[in-house]
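Worksheet: the structure to be examined is printed underneath.
Predicted, not measured: the structure shown is a model, and the values here were computed from it.
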Protein chains: 2
Amino acid sequence: MTNKTQRSERRADALSKDKIVEAAIAILDTDGEAALTFRALAARLSTGSGAIYWHVADKSDLLMAATDAIISRVMANVVVADGPANSIRAIALGVFDAIDTHPWVGAQLAGEPWQAAMGQILERIGRQLQALGVPQHAQFNAASSLLNFILGVAGQNAAAARLKGRVTDRSAFLASVAAQWTQRDPSEYPFVRQVAAQLLDHDDRQQFLAGIDLILAGIGTLR
Amino acid sequence: MTNKTQRSERRADALSKDKIVEAAIAILDTDGEAALTFRALAARLSTGSGAIYWHVADKSDLLMAATDAIISRVMANVVVADGPANSIRAIALGVFDAIDTHPWVGAQLAGEPWQAAMGQILERIGRQLQALGVPQHAQFNAASSLLNFILGVAGQNAAAARLKGRVTDRSAFLASVAAQWTQRDPSEYPFVRQVAAQLLDHDDRQQFLAGIDLILAGIGTLR
DNA sequence: ACCTGAACACCGTTCAAGT
DNA sequence: ACCTGAACACCGTTCAAGT
């Protein structure tokens, strides 16, 4: 037996980008965005943090690959039927629900355009807009409007998820938010005061659908 | 003369949250989000990094205060006239242009709801929706739809700004994005391929306005 | 070719010590 | 009350050294 510090055994099963991405998703889902570090990831994969860089360019690359994996699954499972308008609702709800279960996906979509997941969503929405009979010249704007609305909600939901745990009473928290918004000068915030009650107990998913419907109604006026 | 390391002089002009926020805005505007560190801020203010914490809770507090300052100025300068629909366009464009000149504001809005700036925008939009005659029960959803669309665009623009400098040819960059989206299986991306040409040379501001108009058209169908 | 883990160059935040 | 700046506990990323 020697005194020299023993190097760890080399891992038997080869690492791969897929395995790394799956491990990252597991960490993100169970412990949140902040918990995903290369050290935590390396520990979970029983390897050195540097090994990950052999398969993944950097943290942004890793996050985009994880987001793409989730969105791919969602898109594969979305049931497109009952006409193009309902199909768009289904696609949008698919993304919404994915963000609900994987809030970090929301942050990623909202803050990183040009990733593969964005192309997938755009494609799915665009095809349904064509089926809906939206004139060709208006299709890009219509798709981008729906997409941007979805991304806006995505960012907000990701932020809301970051509070989970720290905030136990959602209504009380939202009440304190509304109070802070209006406190600088209550007479300056008549609208916020009016909707404060609805803010406290509104259903995010239902409000999301209402927004999609509003944009669809607007698209319906296009000729 | 002593050999003891000389402590720096104590600053003559008192620090204040306002002064700190202004310095932060200057750093964010000239050198970008990544350049705002407590060390850089302390250097610019000729103080210790710890001093900043006497006036500001943490980095999030600082960023929210900076965002609120910018949005307050924008809202004070927005000209509301020509009827409620045009006023909503003016408010939205005000936010869009603010994000264009201060991209970090976009990132902040997209990723941090419940900050004061959000209350300001919501209030301004809501009041115009009331003037537009939107039925009371639909006002909250309508306002939230417009707001979320704006936040979606905000996040994308902030991300686009992060590339400035690194990317010199916008068209070439967007072409490579579209190519990457479709390359996995070109036959799976007919819509993206169709709009790729528009993607390359579309005007962000004009597309933003088209989205606002689409939502306004949808709101017009509400009764 | 792929993996290991120490080392580097940073962060935000805290806090004892000063005025 | 307010300020100073070293110290702490982290990060992402690199890279010489291993297999």
Side-chain angles (χ1 to χ4, degrees), chain A residues 2-25 27-28 31-67 104 107-108 111-112 162 166, chain B residues 2-25 27-28 31-67 104 107-108 111-112 162 166:
Chain A
T2 122
N3 247 349
K4 296 184 74 172
T5 317
Q6 194 66 47
R7 253 197 169 230
S8 308
E9 289 282 309
R10 200 158 196 243
R11 48 179 308 109
D13 53 329
L15 225 47
S16 71
K17 183 155 183 176
D18 276 353
K19 271 181 196 157
I20 292 169
V21 167
E22 286 312 313
I25 290 174
I27 292 173
L28 289 163
D31 300 319
E33 293 181 53
L36 182 67
T37 66
F38 278 83
R39 274 163 248 260
L41 193 53
R44 177 179 256 267
L45 292 164
S46 314
T47 185
S49 52
I52 296 165
Y53 283 89
W54 187 263
H55 302 276
V56 144
D58 51 24
K59 193 167 185 183
S60 165
D61 180 32
L62 175 60
L63 249 3
M64 292 198 303
T67 304
W104 52 274
Q108 196 57 25
E112 216 60 51
R162 258 177 254 132
R166 257 181 302 168
Chain B
T2 122
N3 247 349
K4 296 185 74 171
T5 316
Q6 193 67 47
R7 254 195 168 233
S8 309
E9 290 281 310
R10 202 157 195 245
R11 48 178 307 109
D13 53 329
L15 226 46
S16 71
K17 183 157 182 174
D18 276 354
K19 270 181 197 156
I20 292 169
V21 167
E22 286 312 313
I25 289 175
I27 292 173
L28 289 163
D31 299 320
E33 293 180 54
L36 182 67
T37 67
F38 278 82
R39 276 162 246 261
L41 193 53
R44 177 178 255 267
L45 292 164
S46 314
T47 185
S49 52
I52 297 165
Y53 283 89
W54 187 262
H55 303 275
V56 144
D58 52 24
K59 194 168 184 182
S60 165
D61 180 31
L62 175 59
L63 249 3
M64 292 198 301
T67 303
W104 52 273
Q108 195 57 24
E112 215 61 50
R162 260 177 253 130
R166 258 180 301 168

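- Atom-to-atom, NZ of K59(B) to C1' of dT14(C) comes out at 17 Å; the value is rounded to the nearest Å.
- Under the 3.5 Å distance criterion, the side-chain polar atoms of K17(B) are left unmatched by any main-chain donor or acceptor of W54(B).
- A donor-acceptor pair under 3.5 Å is formed between the side chain of K59(A) and the backbone N or O of L36(A).
- Base pairing of dC10(C) is not made with any nucleotide, judged by Watson-Crick or G-U wobble geometry with both donor-acceptor distances under 3.5 Å.
- Checked against dT13(D), dT13(C), dC11(C), the side chain of F38(B) finds its nearest nucleotide in dT13(C).
- One can place CD1 of I52(A) at 11 Å from P of dC3(C), the figure rounded to the nearest angstrom.
- Of the candidate nucleotides dT14(D), dT13(C), dC3(D), dT14(D) has the atom nearest to the side chain of Y53(A).
- Looking at L63(A) and L28(A), their side chains come closer than 4.5 Å, going by heavy atoms from C-beta outward.
- Using a 4.0 Å heavy-atom distance criterion, L36(A) is classed as a sugar-phosphate-only contact.
- Following rounding to the nearest Å, H55(A) (NE2) and dC2(C) (C1') show an atom-to-atom distance of 7 Å.
- Comparing G48(A) and R39(A) by the nucleotide of DNA chain C that holds the closest heavy atom to each, the one mapping nearer the 5' end is G48(A).
- Summarising the base pairing, dG5(D) is matched to dC15(C) through a Watson-Crick or G-U wobble pair whose two defining distances lie under 3.5 Å.
- Residue-to-nucleotide proximity on DNA chain D shows that, of A51(A) and S49(B), the 5′-proximal contact is made by S49(B).
- Regarding contacts with the backbone of dC3(D), every side-chain N or O of W54(B) stays at 4.0 angstrom or more from both OP1 and OP2.
- Partner of V56(A) under the side-chain contact (heavy atoms from CB on, under 4.5 Å) criterion, out of L62(A), L41(A), L15(A): L62(A) alone.
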